[in-house]
Amino acid sequence: MIESQQFPFIEARDIYGDSDLVPSLPLTLSYGGKHIEMFGLLDTGSSINVLPYSLGCELGAVWENQTLAVQLAGNLASVEARGVSVSAQIGDFAPVKLVFAWSQTDDVPILLGRMNFFLEFDVCFYRSQMFFEVRPKSKDSAQ
Amino acid sequence: MSVTELLPSLKTLSRTDKLKVMQFLAQELEVEEELSLLQSGKTYQIWSPLNSHKAVQTLATLLESEQQVRND
């Protein structure tokens with residue numbers, strides 16, 4: 001049985017200075033030999049993973065070289081995005097490939113959404129106890 | 001209508017109707033308290049790109065092609 005790992009909800013402040021506790025997952029993204037540690041917001045409402053522009057640049061991705069156009073919806077509908085595939089290390093789990101819509105804006109955090117973060121990991125939220133639990137998908141799980 | 005005007009009318013109600021009124025008021029208070037969790041005039045940020053079906057397809061294709069390259 002694959003072990004799960006617990007992570008705390010993290011305090012975040014909005015632009016008005018109000019604080020909130022959010023399920024931000026620490027992870028290391030690797031791309032082209034570069035590794036960057038960051039936090040991704042677990043967002044079951046998001047269809048896809050989203051990578052803000054400056055973080056993609058920090059990873060060494062070049063906008064002009066990413067030719068796969070990705071059409072976003074919702075409040076990011078007006079933002080241009082391109083597909084980028086990145087290796088992600090979470091906790092002590094084996095690295096996985098995560099595909100991101102690399103968006104041409106920094107007005108968004110890293111979003112970990114259904115395609116494909118939640119295809120790779122099962123998550124249980126315990127907000128009242130201020131932690132969440134992450135477990136890699138089991139090999140015999142339904143697709 | 002003020003409470004002073006209302007109370008005499010409530011007194012005339014049957015036991016069943018009084019219970020219904022109590023239930024109604026309890027529900028009203030609950031709804032008001034729930035709504036007070038949201039602050040009037042505050043902007044709540046929602047970033048989630050909901051229903052990005054085309055983006056899902058595009059990224060799924062990218063993932064598949066990467067997996068194929070690794071398997072080759």
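Hydrogens, waters and symmetry mates are skipped; everything else that's a heavy atom, side chains included, is used. Residue numbers begin at 1 in each chain, while the letters A, B, ... track the order of the sequences.
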Any idea which of A/N116, A/V99, A/N49 has the most non-hydrogen atom pairs under 4.5 angstrom with chain B?
A/V99
Stacked cation flag A/R127 on A/F9, 6.0 angstrom / 45 deg:
yes
Between A/S85 and B/E66, does any side-chain donor sit less than 3.5 Å from a side-chain acceptor?
yes
Structural part of A/V50 lying under 4.5 Å from a heavy atom of chain B
side chain
Of the listed A/A69, A/G113, A/G74, A/A73, the one with the largest count of heavy-atom pairs under 4.5 Å with chain B is A/A73
Side chain, backbone, both or neither: which part of A/L98 has a non-hydrogen atom closer than 4.5 Å to chain B?
neither
Check the orientation of A/Y53 and A/W102. Use parallel for under 30°, tilted for 30 to 60°, and perpendicular for over 60°.
parallel
Which bit of A/V84 comes within less than 4.5 Å of chain B, counting heavy atoms only: side chain, backbone, both or neither?
backbone
For a quick check under 3.5 Å, do B/S2 and B/E5 share a side-chain donor-acceptor pair by atom type?
yes
Quick one about A/H35 and A/S30 (side-chain donor to acceptor, distance below 3.5 Å, no hydrogens or angles considered), yes or no?
yes
